[in-house]
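Data first, discussion second: the structure below is written as structure tokens.
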Amino acid sequence: MAKYSRLHGSVGLISLANPPVNALSSVVRHAISEKVAKAFRDPEVTCVVICGENGVFCGGADIREFASTMRGPPLVPMIDAIEEGEKPVVAAIEGVAFGGGLELALGCHYRIAHYKARVGLPEVTLGLLPAAGGTQRLPRLTGVAPALQLITTGRHVAAPEALKLGIVDQVTEQNTVEVAVQFAKSVVGQALHNRRLSLRQLSCPPDGLFEETMAQIKQRARGAVAPIACVQAVKAAATLPFKAGMDKERDLMATLFNSGQAKALQYSFFAQRSVAKWNLPNGAHSGISKARAVHRAAVIGLGTMGRGIVVSLVRAGISVIAMETNEKQLHTGKKMVIAILEKDAQKHNAAPRADLVHFTERLSDLSNVDLVIEAVYEDMVLKKDIFKQLSMICKPDAFLCTNTSALNVDELAAVTGRPEMVVGMHFFAPAHVMKLLEVVYGQHSSPEAVATAMQLGKRLGKVSVAVGNCPGFVGNRMMKLYVEQAHFLLEEGATPEQVDEALEEFGFAMGIFKVSDLSGLDVGWRVRKEAGLTGAGVDWKEPPRRRQGRRYSPLADLLCEKGHLGQKTSRGWYLYEKPGGRDPKPDQGLHSFLVEYRSKYGLKARRIDKDEVLERCLFSLINEGFCILDDGIASGPEDVDVIYVHGYGWPRHRGGPMFYADMVGLSKVLERLEFYHQAHPDVPYLKPSPLLRKLVRNGSPPIREWREFLKRPHSHL
Ligand SMILES: CC/C=C/CC(=O)SCCNC(=O)CCNC(=O)[C@H](O)C(C)(C)COP(=O)(O)OP(=O)(O)OC[C@H]1O[C@@H](n2cnc3c(N)ncnc32)[C@H](O)[C@@H]1OP(=O)(O)O
């Protein structure tokens, strides 16, 4: 809704009141239309100010309404009516003016923003375009190039930048509404013609701007259609009269609005918010569990992961003790951490925050920290030794966290005298860049420990998801099967290029073999050795290409044995021009190696099409996602999807693996898994999960109803 009052006798003040973000629901749109008409009718009112209650102007259209038939007055005529009015209307922007909120402000004749406010048109991130005149008015205000950049990326800008771009007329550090009211009174009687953006002429955009932008977008959008429609709409602003541009904007929006991509992106928006409201099988949940403040933290191990974690903590203003026993690693780690912090400082024109980090070789220096994150390499014996020592050295109420990506958190907790204070904090490399954090609760982790790790993740700017303890947790447990299928496809006749091409066409930023070359083939090799799948622990009585009773491909192990570890050695699944090279080229040597390998094991190469690549790789991963839900390791499909979108390069416009399964149709996923399981009985994880079967039996309910089919958590609290 929106409230109306009269200030100083002549100023009509309309306040949007729809907490928490004053979204433009049908009720709000109705109220705004009514209040604007009332102010325009009132002969005592000479000017109008539109603001939002509770320090937020407006978070845009109400996204929840998109799933049903849109009711209430549409935005376009409402905004047009404001612009056409004969009394000056001023938008007083606090907090945010996003999407329809900014479009509403663009319909006003003036915009005053608080210096901390942000404005933007993020519709593209929801699979849409700004269809309430945003694509037509913004270019007329800022010029075509800046508008094109903002609309195609959805980037938000802070008030000072908005002022430079001409989006707002004034920025204030004082009470924005009061400043806007005074401003509105001061412009009464001035001509409004020039303030109506729809009447402004656009200056010619630079030559080739649209072609270049379109080419860049096609390259980086990975199949997303909304950015392309955004370019077309802005081009219409630059080439057509306002009214015709509005028609084009409306037509383009009509094609996007009901698209699968828009549904996926809107699902992702809410999924990301839902994971913050975590709940555990024992009944603990975010609503009742209090986090403890972390003032001082420590990171053990200054390899790639440790360094990134230190940087993330410092960026959040937390003082850190960075501990590393290897002198050379300590030296290199320190240099790299300081270099990143200095680069940050340069970027923000501020002093480096290196004073927040203390580097040490002594574990005993950690006696007074609130929370420790162990980030040494994946060796259970080493980690146990560290946790035993930490348990004795750290103050009794310090949380002990491990950055393990797959090892048993309970086993580590068991060697400490405080298992309730132990949780996993699984960061993704590079930790100062990647958004995802899996917070792994063990059998004994206290709600306070989980809440503290989740809260710390939020403070570090991460998307944190609480997950249960099992080998690989959620992300890596699913990933393992996807990687295995890709290796099997090579055995059966595919090349790394064919597999990667299919995955990249699907929307992954990089195919699985390119990712493997980038991270180093030795990472998985070490894990497989630990698991007894290769190296000294193997039971050689088993037939070749079988381990622990099931199909196994030793292809990656053989490459590792040859020293082909990926980019760092210039050879892996691809060829690189030099060690550390980034540009993968097909490797004829690798192709010959595959031919020899198949011939050695009597495997007949066959043609494998893209559909099979996608089904084998993605459906096996999805099937494991259903098992994870059934096991209670993730509390809902949104958790799995958020992990895959933010940590594993799953294309956001496809929502995530579980959302994708819903889109494809659960019965189709089940039918294809049954087919592949029959064809490959020695791959047990292709057997459809009981949860998937149960959902299909129950008529394949939409994803938002899946939680009703999961085992209910039992409260032990
Ligand atoms: C006819 C088609 C027209 C389309 C034009 C549009 O306007 S499309 C919408 C464009 N707007 C956006 O994309 C903004 C989305 N929101 C945000 O970026 C952020 O929520 C925020 C406004 C910057 C606030 O961030 P903050 O971190 O403070 O809070 P949350 O993100 O946690 O949000 C709080 C709750 O509000 C819900 N919510 C936010 N925006 C909307 C919205 N536009 N519509 C509906 N609901 C919204 C959000 O889901 C949170 O809800 P909870 O139930 O508390 O989880």
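Every number for a ligand or one of its atoms is a count from 1 in the order of the listing.
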Can you pull out the closest protein heavy atom to [atom]? Residue, atom name and distance to 0.1 Å, please.
atom                    : result
atom 11 (N) of ligand 1 : Gly59 O, 2.9 Å
atom 23 (C) of ligand 1 : Phe98 CE1, 3.6 Å
atom 3 (C) of ligand 1  : Ala61 CB, 3.7 Å
atom 51 (O) of ligand 1 : Arg64 NH2, 3.6 Å
atom 5 (C) of ligand 1  : Glu123 OE2, 3.4 Å
atom 44 (N) of ligand 1 : Ile63 N, 2.9 Å
atom 45 (C) of ligand 1 : Asp62 OD1, 3.2 Å
atom 1 (C) of ligand 1  : Met70 CE, 3.7 Å

Quick one: does ligand 1 sit under 4.0 Å from the side chain of [X], the backbone, both or neither, non-hydrogen atoms only?
X      : answer
Thr125 : neither
Val21  : side chain
Pro20  : side chain

Using a 4.0 Å cut-off to any heavy atom of [X], which atoms of ligand 1 qualify?
X      : answer
Gly60  : 7 (O)
Gly100 : 5 (C), 6 (C), 7 (O)
Phe270 : 49 (O)
Gly99  : 7 (O), 10 (C)

Let me confirm one number: the [atom1]-[atom2] distance from [X] to [Y], rounded to the nearest 0.5 Å.
X      : Y      : atom1 : atom2 : value
Thr239 : Gln232 : OG1   : CD    : 11.0 Å
Phe427 : Lys462 : CZ    : NZ    : 6.5 Å
Arg654 : Phe508 : CZ    : CZ    : 9.5 Å
Ile93  : Arg118 : CD1   : CZ    : 13.0 Å
Leu691 : Phe709 : CG    : CZ    : 9.0 Å
Phe270 : Arg704 : CZ    : CZ    : 12.5 Å

Under 4.0 Å from [atom], is there at least one protein heavy atom?
atom                    : value
atom 37 (C) of ligand 1 : no
atom 29 (O) of ligand 1 : no
atom 25 (O) of ligand 1 : no
atom 16 (N) of ligand 1 : yes

Around atom [atom1] of [X], are there more than 12 heavy atoms from other residues, nucleotides or ligands closer than 6.0 Å?
X      : atom1 : value
Lys35  : NZ    : yes
His30  : NE2   : no
Lys248 : NZ    : no

Distance-only donor-acceptor hits, side chain of residues 70-84, under 3.5 Å, sequence neighbours excluded:
unit_1, atom_1, unit_2, atom_2, d
Asp80, OD1, Arg137, NH2, 2.9
Glu83, OE1, Ser198, OG, 2.5
Glu83, OE2, Arg137, NE, 2.9
Glu83, OE2, Leu197, N, 3.1
Glu83, OE2, Ser198, N, 3.1

Practice task
May I ask you to check if ligand 1 and Leu126 share an N or O to N or O distance below 3.5 Å?
Solution key: no
Exercise for the section: Name the option, out of Met253, Arg273, Lys458, Lys277, that contains the heavy atom nearest to atom 55 (O) of ligand 1. Expected result: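 It is Lys277 whose heavy atom sits nearest to atom 55 (O) of ligand 1.
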Practice task
Report the relative orientation of the aromatic rings in Phe626 and Trp706; use parallel for angles under 30°, tilted for 30 to 60°, perpendicular for over 60°.
Solution key: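 The arrangement is tilted - the two ring planes meet at 30° to 60°.
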Problem - Aromatic plane relationship, Tyr644 with Tyr648 - under 30° parallel, 30 to 60° tilted, over 60° perpendicular - result: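 The arrangement is parallel - the two ring planes meet at less than 30°.
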Exercise for the section: For Ala131 and ligand 1, answer yes if some heavy atom of the residue is under 4.0 Å from a ligand atom, otherwise no. Expected result: no
Handout entry: Heavy atom of Glu65, distance to ligand 1 below 4.0 Å
Key = no
Practice task
Salt-bridge test for Asp639 and Lys277: reply yes if a basic N is under 4.0 Å from a carboxylate O, no otherwise.
Solution key: no
Practice task
Walk me through it: do Trp278 and Tyr441 pass the test ring pair (Phe, Tyr, Trp, His ring centres under 6.0 Å)?
Solution key: CA-CA 11 Å; Trp278 53 271; Tyr441 54 86; 8.3 Å; no
